[in-house]
Structures are given as C-alpha cells and as structure tokens.
Amino acid sequence: MRKHLRLLPFVLPGLSLYAVLFLYPTISALYYSLTNWDGLSPSYQFVGLQNYQKVSEDIIFRKAMGNNVKFMLTVVLVQTVVSLLLALQIYKTTKWNVFLRALFFLPTILSSVSVGFIWTFIYDSNLGAVNLMLQNIGLGGVAQNWLGDPKIAIFSIAAVQAWAHIGQMAVLFIAGLLSIPKELKEAAILDGASQIRLFFRIIWPLLAPAAALVVSYTTIQSFKAFDLVFTMTGGGPNYSTEILSTYIYSSAFLNYTFGKAATASVYFMILIAVITFVQFKLLRTDRVSY
C-alpha cells in the first residue's frame with residue numbers, strides 16, 4: 001500500500017483531467033436525461049425514464065441513428081481499403097514517396113469546416129467540379145444534386161470524410177508496413193510465394209495491429225462528423241443527413257430540450273461502446289499467427 005501511495009501523485013494529474021473532462025460530463029448527462037430541463041430555467045423536474053421512451057419512439061432519432069450507421073460503414077470501408085492500397089504503393093522510402101505522403105496527408109490538417117465549404121462548392125449541381133468532370137467524360141447528361149438528393153446525400157458527405165483522412169490512415173499503414181521484417185518477405189518470395197499469397201499470409205497478418213487502430217479510429221471519426229455535416233447540409237434534406245451529433249445539437253440548442261438531448265447522448269455512448277467492443281473482438285491481434 002505504501003508503494004502504491006507513493007505512486008499516486010504521478011497518477012493524479014491524468015486522473016484529474018479524466019474526471020473533469022469525461023467522468024463529470026458523463027454523470028451529468030445521465031442525471032439530466034432523467035429531467036425535463038430546458039437548459040435555461042434554474043429549476044426542473046425529474047421525469048424518470050420518460051425521455052428514454054420519447055427518444056426511442058422519435059422517428060427523427062431513429063433516422064439519425066440509421067444515417068450514422070450508414071455513414072460509419074461507408075467511411076470505414078472506403079477509408080480503410082483506399083488507405084491500405086495507397087500505403088502499399090508508397091511505403092518504400094524514396095524522395096518521391098515522401099513527397100506523396102505529405103501531399104496525401106495535407107487534407108488532414110485542414111479544419112472540417114473548411115473542408116465542408118470547399119466540397120459544398122465542388123458538389124454544386126450547376127458549377128461544381130464533380131458534375132463538370134462527369135460532363136467532360138460524357139457521363140453528365142443531367143446535373144446531379146449530390147447534397148440535395150435524399151438517397152445519396154449521406155454517402156456524398158461520407159466520401160468527403162474519407163477523402164479528408166485517407167492520407168492520415170495511409171501513414172498508419174505505412175508505419176505498420178515498415179515494421180515488417182524484410183527477411184520474412186524475402187524468404188516467402190524465395191519459396192515461390194506469389195504477391196497475393198505474400199500479402200494474405202505475411203503482410204496482412206502482421207498489419208493486424210495497424211488495421212485495428214485504423215478501423216477503430218475511423219469509426220470514432222465517423223461519429224464525430226458533426227461539423228462536416230452541419231456545414232454541408234445541416235442535416236437535410238428531409239433529415240436524410242441527420243446524424244446523432246446533429247440531432248443532439250438540435251434538441252439542446254434549437255429546441256431547448258436538454259433532457260432529451262442528454263438522453264440521446266446516453267444512447268450515443270451505448271452505441272459507440274457496443275460497436276467498439278465488437279470491433280476489438282473481431283480484430284483481436286492475439287489471434288494472428290505469425
């Protein structure tokens with residue numbers, strides 16, 4: 001006990017930050033989810049689990065959750081696959097590849113609001129670069145409204161999210177590729193292994209830790225896309241791009257139903273916890289056979 005008490009001062013700074021920035025907001029959300037507080041009044045009433053019933057029956061909330069899942073799956077799939085393919089092409093350390101890494105990483109340092117405004121103009125149905133490019137190659141018969149069509153709007157924003165972070169995820173894969181011993185690959189090639197067999201038997205198993213990090217980080221990014229969605233569509237049209245973070249914002253700061261917003265936040269935390277747990281179970285690196 002004395003040994004542990006001597007170590008306590010070293011833990012306190014980090015523990016204090018964790019308590020202030022995570023534990024206190026989490027407990028507050030749980031507390032206010034049981035009230036009808038509007039965010040302004042000094043008094044409020046406890047309503048028990050009424051908010052949980054109302055939110056679970058809210059059609060907009062269900063739509064927001066569905067949109068968030070579609071957004072997450074699209075971003076995780078596109079971002080992981082493209083960044084891996086990109087990393088396989090530029091992982092060797094040459095001057096040209098180092099330049100390409102910096103170039104592909106550049107969108108990551110831009111703010112999401114800036115990226116949202118840029119791509120809003122690129123997606124413009126009349127003068128946007130996407131429609132003009134499609135017209136130039138003979139595929140743009142009718143101008144596509146990328147952000148105004150409820151069927152594709154959420155996927156259009158997901159493409160922007162993936163574009164902005166593909167370079168960042170490629171850097172993580174490159175770090176994993178550079179950590180693979182060259183002797184293993186050379187031995188496999190000498191034994192007559194094809195490139196496909198080399199990838200699935202040697203490279204991919206040893207990339208499992210990097211892949212787990214990329215998938216989990218990409219998932220978190222997709223749930224934190226509030227600024228991108230809010231900048232590009234504001235949740236429209238007809239709630240087709242409404243996600244959980246924009247739903248919580250609207251409930252709290254537009255409709256002044258903080259109790260309802262806190263309830264949605266609790267559902268939000270549970271959803272992220274379940275998805276993260278499943279991902280770590282599926283991507284357990286201790287199952288990899290080296």
Side-chain angles (χ1 to χ4, degrees), residues 60 63-64 66-91 96-171 173-174 214-215 218-219 221-247 249-250:
I60 300 176
K63 198 166 187 177
N67 289 337
N68 225 144
V69 172
K70 288 189 291 186
F71 185 85
M72 179 205 69
L73 293 175
T74 304
V75 172
V76 170
L77 179 62
V78 174
Q79 196 165 295
T80 303
V81 172
V82 176
S83 61
L84 176 59
L85 294 175
L86 187 62
L88 290 171
Q89 298 299 318
I90 62 173
Y91 78 94
W96 177 245
N97 284 348
V98 170
F99 168 76
L100 289 177
R101 292 178 199 173
L103 182 64
F104 293 133
F105 189 82
L106 183 62
T108 306
I109 67 176
L110 300 176
S111 69
S112 297
V113 175
S114 301
V115 171
F117 279 122
I118 291 170
W119 276 90
T120 299
F121 288 110
I122 293 176
Y123 277 143
D124 186 83
S125 58
N126 296 318
L127 301 174
V130 176
N131 282 338
L132 291 177
M133 181 185 68
L134 292 176
Q135 290 174 4
N136 289 332
I137 61 176
L139 297 176
V142 179
Q144 177 65 53
N145 192 353
W146 298 98
L147 299 177
D149 188 343
K151 295 180 180 179
I152 63 172
I154 190 67
F155 300 106
S156 299
I157 301 177
V160 177
Q161 174 77 4
W163 170 86
H165 297 280
I166 281 175
Q168 182 184 14
M169 298 302 104
V171 169
F173 275 126
I174 288 171
V214 167
V215 171
T218 301
T219 301
Q221 283 181 332
S222 65
F223 279 106
K224 294 170 59 180
F226 166 81
D227 39 8
L228 190 63
V229 174
F230 193 78
T231 302
M232 298 185 70
T233 62
N238 194 26
Y239 301 105
S240 60
T241 59
E242 185 89 3
I243 59 177
L244 291 174
S245 56
T246 57
Y247 177 86
Y249 170 82
S250 300

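Hydrogens, waters and symmetry mates are skipped; everything else that's a heavy atom, side chains included, is used. In what follows, residues are counted from 1 in the order of the sequence shown.
Contact check for N131 versus W146: side-chain heavy atoms found under the 4.5 Å cut-off. Using a 4.5 Å heavy-atom threshold, the side chains of V215 and V76 count as touching. For the pair I154/S240, no side-chain contact is recorded, criterion being any heavy-atom separation below 4.5 Å from C-beta on. Between I118 and V160, the closest side-chain pair of non-hydrogen atoms is not below 4.5 Å.
Taking OG1 of T233 as the reference point, atom CD of E242 lies at 8.5 Å (rounded to 0.5 Å). The CD atom of Q161 sits 10.0 Å away from atom NZ of K224, with the distance rounded to the nearest 0.5 Å. The CH2 atom of W119 lies 12.5 Å from the CD1 atom of I157; values are rounded to the nearest 0.5 Å. Taking NZ of K151 as the reference point, atom CG of N145 lies at 13.5 Å (rounded to 0.5 Å). Separation of atoms CG (L84) and CD (Q79) is listed at 12.5 Å; rounding is to 0.5 Å. One distance of note links CD1 of I90 with CZ of F99; it measures 11.0 Å at 0.5 Å rounding.
Here the closest non-hydrogen pair linking Q168 and H165 is OE1-ND1, 3.1 Å. Nearest heavy atom pair, residue L132 against residue L127, reads CD1-O, 3.6 Å. Between L228 and S112, the shortest heavy-atom distance links the atoms CD1-O, 3.7 Å. Counting all heavy atoms, side chain and backbone alike, T74 lies closest to A158 at CG2-CB, 3.8 Å. The shortest non-hydrogen separation linking D227 to T231 is O-OG1, 2.6 Å. Between N68 and S222 the shortest heavy-atom distance is ND2-O, 3.7 Å.
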Might you work through the side chain to side chain contact (heavy atoms under 4.5 Å, CB included) test for M169 and T218, ending with a clear yes or no? CA-CA 8 Å; M169 298 302 104; T218 301; 3.7 Å; yes

Would L100 and Q89 count as a side chain to side chain contact (heavy atoms under 4.5 Å, CB included) if you check the C-alpha gap in whole Å, the side-chain angles of each, and the deciding distance to 0.1 Å? CA-CA 10 Å; L100 289 177; Q89 298 299 318; over 6 Å; no

Would you check, one step at a time, whether the test side chain to side chain contact (heavy atoms under 4.5 Å, CB included) holds for T241 with N67? CA-CA 6 Å; T241 59; N67 289 337; 5.7 Å; no

Could you walk me through whether I60 and K63 pass side chain to side chain contact (heavy atoms under 4.5 Å, CB included), step by step? CA-CA 5 Å; I60 300 176; K63 198 166 187 177; 5.5 Å; no

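Within a 6.0 Å radius of OH in Y239, no more than 12 heavy atoms belonging to other residues, nucleotides or ligands are found.
Note: F226 and F230 have parallel aromatic rings, judged against thresholds of 30 and 60 degrees for the angle between ring planes.
Not counting sequence neighbours, Y91 has no partner by the ring-ring contact (aromatic ring centres under 6.0 Å, His included) test. For V82, the side chain to side chain contact (heavy atoms under 4.5 Å, CB included) partners two or more places apart in sequence, or in a different chain, are V78, I166.
With hydrogens and angles ignored, the 3.5 Å screen pairs a side-chain donor or acceptor of S83 with a backbone N or O of T80.
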